[in-house]
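FYI, side chains are in, hydrogens and waters are out, and symmetry mates aren't considered; it's all heavy atoms of this structure. Here is the naming used below: chain letters follow the sequence lines, and residue numbers restart at 1 for every chain.
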Amino acid sequence: MQNARCREVLMKSDVTGMRGFAKLKRKSLITAIVRAILVGLTVSVLCLGVFILLLKLKITELDLGSLVLIGVASFLLSGVGTFFIFYRSSSSVARMLDRRFALQERVQTMLAYRDREESIFALQREDTEVVIDTIPRRGVRIRNLWLYVLCLCLSTLVLAGAVLYTPVEPPAPPVIEEPFEITDIQIAAMEELIEYVTTSNMQSPYREDVVVALGTLLDELKLATTVNQRDESVDKAIEEILKKTDESSSAVEIIEALWATGSSTAKPLAEALNYYVWQSGTEWDEYVAALAEVRAGYIHPESIKGTTADDVMFSEILALISSDASAIPVALVKSGIASTDALYAAITAYVFTDPAATSYYAGLSELSTLMPGVPYTALQAELDTTFSALTPIFYAAIEQSSANTETGEYAVERICILFEHAFPTFKRPVLRDSSTQTGGGGDEGSGGSMGGIGTGTVYGSDDLVLDPYTDKYVEYGTILDKYYSLMFGKTEDGDYTEEEIAALKKYFEILYGGFEDQ
Amino acid sequence: MAALRISKMNERLLEMTNEINAQEMERVKIFSEKIAKVRLELAKDVVGQSGIIDNVIIAIVAGGNVLLEGVPGVGKTRLVRSLGKVLSLPFSRIQFTPDLMPSDVTGTNIIEKNEEGKMETKFRPGPIFANLVLADEINRATPKTQSAMLEVMQEHKVTVANQTYKIDEPFFVLATENPIEQDGTYPLPEAQMDRFMFKLLVGFPSNAELADIVKMTQITMAETAEAVINGEEILEMRALASTVPVVDEVLMYAVDLVANTHPELDSTPSTKKYVKYGASPRAAQGLITAAKVRALMQGRFNVSYEDIDALAYPVLRHRMKVNYTAVNDKLGVDDVISMIIKETKKAR
């Protein structure tokens, strides 16, 4: 009669007496959840506070998304962990109730035999239910709830503090001025430099201006006591010298303007000027010869066969002159250089825009009409003569420009070497066209490649010297240290006399701008 | 229709269940009333010793034998005699002396003339053939006589001349021992000790109790307790008590406790230090059986740890022996039992 269905109904009826226990278990679950939430919130708020503080102290770098992730992750991890720590299974709740309220294992027994139908078990369940009902409502609660709330409040305070905290910038560390005192060697080197410039070919008044700048620098350095003061004075002197050097030479602007014409004669001219001004004029003569050859190529006997040769020649030559006369002067005007500039005037004369030359060749043109049969070769000879006459003028102008630049830049380089200053970038023409760009001075690089003192820099020029250790030719600057070491070793070994040692030391002092005893 | 049929069936089942529960509740109620009455009646003749009385009642309901140890005059014999009256059980007292023979306990065959005048052997049962036997000063009897009690106490039957005679249930042996007079006594063998469910130490009454005793015995020495329960009722109570559930954790606790009395096993530090040999498995059986009775006596329907702890002493003290280290440290067996209980709980 007691089929399975009836048995199931019986078990679910009030006879089982598990109501009270179920309520307590539910309450236990709720307390575990509440604990988990409180702990999760406490930990996540604390973590956020800590990380925000670290952010403000620049100890770490995090974006908003990472902060959110930290908060959520810490909440979940701590909350879930807390839940599982405090979550009680039914048997655990039963044990807890029996222990806490001295129920003498009633609840555990009831739970263990909840499926038993015998009357004694039913009585036991009823007895237990009665006892459970006597448990006060607050019997199952979160113990020390105030502690959880307090911790949450403290962590909130940490977060608030972190958010409101404004980091105080630490005071700037005291600037410890490195002392400086100019050495006798440096004074001597400066005086030598001043003398060099004074006796140089640099054009007046630029030369005097540079000398003044150098003199001022020397005076300031004699009074300087710190490296900062030294550097300030050197910066000022370099700036002044470069300014004067720039003023003294119109080569950069003119070369750039000539190159920009795109003319088949102006561009080579620009290139030749570029090489000549920043190197020695070894290529100038070669350019002149090449240009003369170009000119000669325009007048070819075969091209004028069967024509009035002279008229054609005249026209062609005049056209050549005109093209140079129009493009190059236009470029010169565009350069912004004054027409009284020596190089400007030389180039102007070179392209025969001199009114006297123009009228001379105009006169030649009239002459051809008036005197038919004047051979083009005569005109060519006249051109060559004029060209040759003008070459020295041009040459002189270019040479002056070169001397100005060279002297000014040398002075700057010397200062940099003496006082451990970085080399500035010297002004060079930028020869731009559609496909290429050539920097001034060709591939020589900036003034920095001209050497200087300091770790990693190569002193001296780019001349190649033999490296005795590797038996290869290397740049001079790379071998300097080795020579120095070799020299120093020999001075210590007594291979040199005192005088020789003193001379060698002075030599390296000038190179290094000072000599440090090892 | 089917749903209606099931619903009616469920109602009927619920009614039946409620009826069964009511009957069971009635049995429990009767149980409690009887226990209370027994206590009340015994208190008329025995002053104080409430703990001893409760434990004796527990042993009787559980079907176990009890060994009472105490100095003379503390009421051991009086207690048992009063108990016999209260339980309205046939009671016999055996005063054990060194010259007591086994047949004096169990009975023997005698030759008698029958009605026809012929001689025939007839079994004359000994004093052991009672429901409640008081074995007074059992340690004074010789081992041979003591061993005669073994079969009776364990199996509730006597074999004489290959003839087995069953003893009516319920059957209890309550033995007494005098701890003072050790000269001329024969300590009970472990096998016989193991037959006693409890060993109870009857202590000297307090001054107030002693005063009551003196006052009472000035009036009369007679035992005035009356019968309130019979053998059948005791058996019913025993059957009811046996149904009391014990959860596995508590049962295993009792088992662990008994196992921890053995120094050769993985037991507690105190056991290894102070115990010479531990209790037998009967101790575990006795613990649980007695704990069920105790629970029911206290109005509970389940065994608790408290029941086990309370009954550990009477169940274990006569079943285990302490070594010389304990003697040296002046620790008695009860002290060692306390330590074992504490360490067993800690290990759990």
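- Top candidate by heavy-atom pairs under 4.5 Å with chain B, chosen from Gln108(A), Arg106(A), Arg95(A), is Arg106(A).
- Between the side chains of Gln124(A) and Asn302(B), a donor-acceptor pair is found at a separation under 3.5 Å.
- Taking all atoms of both residues into account, the shortest heavy-atom contact from Ile120(A) to Phe301(B) is CD1-CD2, 3.8 Å.
- Heavy atoms closer than 4.5 Å to chain B are found nowhere in Arg116(A), neither backbone nor side chain.
- Looking only at heavy-atom pairs under 4.5 Å with chain B, the residue among Asp98(A), Asp127(A), Leu103(A) that has the most is Asp127(A).
- In this structure, Glu105(A) contributes its side chain and Tyr305(B) its backbone to a donor-acceptor pair below 3.5 Å.
- Between Met25(B) and Glu126(A) the shortest side-chain heavy-atom distance does not fall below 4.5 Å.
- Around atom CG of Asp266(B), no more than 12 heavy atoms belonging to other residues, nucleotides or ligands sit under 6.0 Å away.
- Heavy-atom neighbours of Phe51(A) CZ from other residues, nucleotides or ligands within 6.0 Å: at or below the threshold of 12.
- Within a 6.0 Å sphere centred on NZ of Lys342(B), heavy atoms belonging to other residues, nucleotides or ligands number 12 at most.
- Contacts between Val28(B) and chain A at a heavy-atom distance below 4.5 Å involve the side chain alone, from C-beta outward.
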